[in-house]
Enquirer: 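Pasting a structure here, questions to come.
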Protein chains: 2
Amino acid sequence: MDVRTMCLGILSLGEASGYEIKKMLEGPLGSFFDASFGSIYPALAQLTDQGLLAMSEQAQDKRPDKKVYKITQKGRLALAEALLDKPSRDRVRSDFLASILFADLLAPRELAERLDERLAFHRAMLERLEKYRTDAAEWGTPELTAGMRFVTDYGVAIHRAALDFIEQNRHVIEAASMLRRGQAAD
Amino acid sequence: MDVRTMCLGILSLGEASGYEIKKMLEGPLGSFFDASFGSIYPALAQLTDQGLLAMSEQAQDKRPDKKVYKITQKGRLALAEALLDKPSRDRVRSDFLASILFADLLAPRELAERLDERLAFHRAMLERLEKYRTDAAEWGTPELTAGMRFVTDYGVAIHRAALDFIEQNRHVIEAASMLRRGQAAD
DNA sequence: GAAACCATGTAAGTTGTTACATGATTGG
DNA sequence: CCAATCATGTAACAACTTACATGGTTTC
């Protein structure tokens, strides 16, 4: 799924501006999809050109103009069709896990810092997801769809599992890291 | 972390060919890093040019020649330095979760199929990870480092959490999908 | 007064994938 | 005999990120 399809999908849940789409991707969707302004704005322009979106410019008080996009019937059909494609496998790239894999080359203090940061990250995500789980307004829609609830709860489950795992197993890798330091000093 | 650094890292655990590196990335590392031949081979060539790797060609019986790469001292230093960079945040892109988010647009049968496939995927990954967890030979090394064990166990924890979550919550989203079908037919 | 937020966009550059090219061997 | 595995590589292409450009407003 590319940025164009994701934008189309988000707009199928309700109208939004490019800026708001980006904010949603920093919310609960960010756990499994991300995109920069540099890909969102051109995507919206292209989709509008193709008649899959309708744009209306809204002047705002003490704010720059906002371009609000709304999915068209043609857009809904295109989205439904795109969703029929067999989903490609997940693409994950985690610097954190990579650096843990090579933890031998990391100073114990560095390692501890990374683990702490990671725990903080998961806790922050859980907190944020909790807000989204209970408050539909955070999504910019009056009501949460079943899909929204599912992916939010899924995110909670995964972040909690990661948090628990790291808390319970960090001592193993940290002990190994300190041991290796000792050997290196020999 | 780019493909070059990951190759350097894998080779810091033991020597290997490009083909073998690719196989490792389809193993437990695949959960958090993937790369195609099209990026691995040029990366190895470049690293060798820079003196970070040493290559030795090995003729094989009834097999094409193999180019075995070994990390140099200079390579180890470069890797250690690269690992000091603050790890960038995880990049995840999951078509599965995206299509669940827009599950309203999916026929109940389609949805059920995707969920089944996903469960099968997690089960397959768990099985594969179990093998890696107990058998160092699967990694191509005589001994598992603490890092290897950690990332493998981490993978087990995450896949198990995902599996459990989907098993326990699929009925919610599937019920909503069928309900919506009913409404659409009205 | 500085940083962060709101808001949109473009262009250059990076990075990596897919497809192609080659070819022997092994297992179902 | 067909598919998969072993083994390496290149080139065209796709997709995306980063940095730049602009400028008012709000919060600390």
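Because only heavy atoms are used, hydrogens play no part in the values below, and waters and symmetry mates are left out as well, while side chains stay in. Within every chain, numbering begins at 1; the chains are lettered A, B, ... in the order of the sequence lines, protein sequences first and strands thereafter. Computed from a predicted structure; not experimentally measured.
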Enquirer: Quick one: salt bridge (Lys or Arg N to Asp or Glu O under 4.0 Å) partners of A/Arg91, sequence neighbours excluded?
Expert: none
Enquirer: Quick one: list whatever passes salt bridge (Lys or Arg N to Asp or Glu O under 4.0 Å) with B/Lys66, sequence neighbours left out.
Expert: B/Glu20
Enquirer: Under the side chain to side chain donor-acceptor pair (under 3.5 Å) test, which residues partner A/Glu167, sequence neighbours left out?
Expert: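 With neighbours one apart ignored, the set is A/Arg123.
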Enquirer: Over how many whole Å does the gap from A/Leu47 atom CG to C/dG9 atom P extend?
Expert: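 In whole Å, C/dG9 P lies 13 Å from A/Leu47 CG.
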Enquirer: Write down the atom of B/Met55, the atom of B/Tyr69, and the distance for their closest heavy-atom approach.
Expert: CG-CE2, 3.5 Å
Enquirer: Roughly, in whole Å, what's the span from CG in B/Asp95 to C1' in D/dA15?
Expert: 14 Å
Enquirer: Among residues at least two apart in sequence or on other chains, which ones pass salt bridge (Lys or Arg N to Asp or Glu O under 4.0 Å) with A/Asp164?
Expert: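 For A/Asp164 the salt bridge (Lys or Arg N to Asp or Glu O under 4.0 Å) partners, ignoring immediate neighbours, are A/Arg160.
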Enquirer: Rounding to a whole Å, what distance do you find between A/Tyr19:OH and C/dC5:P?
Expert: 7 Å
Enquirer: What is the separation between atom NZ on A/Lys67 and atom C1' on C/dT10, rounded to the nearest whole Å?
Expert: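 Rounding to the nearest Å, NZ of A/Lys67 and C1' of C/dT10 are 13 Å apart.
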Enquirer: How long is the line joining CG of B/Asp65 and P of C/dG23, in whole Å?
Expert: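 Interatomic distance, CG of B/Asp65 to P of C/dG23: 15 Å.
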Enquirer: Going 5' to 3' along nucleotides 22-28 of chain D, which nucleotides have protein heavy atoms under 4.0 Å from the base (write B), which only from the sugar-phosphate (write S), and which from neither (write -)?
Expert: -BBSS--
Enquirer: Between B/Phe32 and A/Phe96, is the ring pair (Phe, Tyr, Trp, His ring centres under 6.0 Å) condition met? List the steps.
Expert: CA-CA 9 Å; B/Phe32 60 89; A/Phe96 166 72; 9.2 Å; no
Enquirer: Where the side chain of B/Tyr69 is defined as all heavy atoms beyond and including C-beta, which of D/dT8, C/dA7, D/dG9 is the nearest nucleotide?
Expert: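 Between D/dT8, C/dA7, D/dG9, the one nearest the side chain of B/Tyr69 would be D/dG9.
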Enquirer: List the residues meeting side chain to side chain donor-acceptor pair (under 3.5 Å) with B/His159, not counting sequence neighbours, and say none if there are none.
Expert: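 Partners of B/His159 under the side chain to side chain donor-acceptor pair (under 3.5 Å) test: B/His122.
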Enquirer: Would you mind reading off the distance between B/Lys22 atom NZ and C/dT18 atom C1', rounded to a whole angstrom?
Expert: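 Rounded to the whole Å, the gap is 12 Å.
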Enquirer: Do any side-chain atoms of residues 44-54 of chain B form donor-acceptor pairs under 3.5 angstrom with protein atoms, and if so which ones, sequence neighbours left out?
Expert:
from	atom 1	to	atom 2	distance (Å)
B/Thr48	OG1	B/Leu44	O	2.7
B/Gln50	OE1	B/Arg4	NH2	2.8

Enquirer: How close or far is atom P of D/dA7 from atom CD of B/Glu26, stated in whole angstroms?
Expert: 13 Å
Enquirer: Return the 5'-most residue of the pair B/Arg91, B/Glu20 with respect to DNA chain D, ranking by each residue's nearest nucleotide.
Expert: B/Glu20
Enquirer: More 5' along DNA chain D: B/Arg89 or B/Gly18, using each one's nearest nucleotide?
Expert: B/Gly18
Enquirer: Distance check needed: C/dT17 C1' versus B/Leu25 CG, whole Å only.
Expert: 14 Å
Enquirer: Among residues 29-44 of chain A, which ones have heavy-atom contacts with DNA chain C below 4.0 Å?
Expert: A/Gly38, A/Tyr41
Enquirer: Just do the side chain to side chain contact (heavy atoms under 4.5 Å, CB included) check on B/Ser94 and B/Arg118 with the steps written out, would you?
Expert: CA-CA 11 Å; B/Ser94 172; B/Arg118 187 69 170 190; 4.1 Å; yes
Enquirer: Mind checking what makes side chain to side chain donor-acceptor pair (under 3.5 Å) contact with B/Glu174, not counting sequence neighbours?
Expert: B/Arg170
Enquirer: Note down the inter-axis angle between the two ends of the helix from C/dG1-D/dC28 to C/dG28-D/dC1, five pairs each, to the nearest 10°.
Expert: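 Between the axes fitted at each end of the helix from C/dG1-D/dC28 to C/dG28-D/dC1 lies an angle of 60°.
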Enquirer: I'd like to know whether A/Phe33 forms a side chain to side chain contact (heavy atoms under 4.5 Å, CB included) with B/Val92, so could you lay out the CA-CA distance, the side-chain angles of the two residues, the decisive distance to 0.1 Å, and finally the verdict.
Expert: CA-CA 6 Å; A/Phe33 202 98; B/Val92 185; over 6 Å; no
Enquirer: Looking at DNA chain D, which of residues 1-16 of chain A put a heavy atom within less than 4.0 Å of it?
Expert: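 DNA chain D contact set from residues 1-16 of chain A: A/Asp2, A/Val3.
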Enquirer: Look at the side-chain N and O atoms of B/Arg93 and state whether any lies under 4.0 Å from the OP1 or OP2 oxygen of D/dC16.
Expert: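 It does, given that an N or O in the side chain of B/Arg93 lies less than 4.0 Å from OP1 or OP2 of D/dC16.
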Enquirer: Can the ring centres of B/Tyr19 and B/Tyr41 be said to be less than 6.0 Å apart?
Expert: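 When the ring centroids of B/Tyr19 and B/Tyr41 are compared, they turn out to be at least 6.0 Å apart.
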Enquirer: Identify, with sequence neighbours excluded, every residue that meets side chain to side chain donor-acceptor pair (under 3.5 Å) alongside B/Asn169.
Expert: none
Enquirer: Side chain of B/Ser17, heavy atoms from C-beta onward: which of D/dT8, C/dC6, C/dT8 has the nearest atom to it?
Expert: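 Looking only at heavy atoms from C-beta outward on B/Ser17, the closest nucleotide is D/dT8.
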Enquirer: Does B/Glu127 CD have over 12 foreign heavy atoms under 6.0 Å away?
Expert: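 For B/Glu127, atom CD is not crowded (no more than 12 foreign heavy atoms under 6.0 Å).
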Enquirer: Using a cut-off of less than 4.0 Å, is there contact between a side-chain N or O of B/Gln60 and OP1 or OP2 of D/dC6?
Expert: no
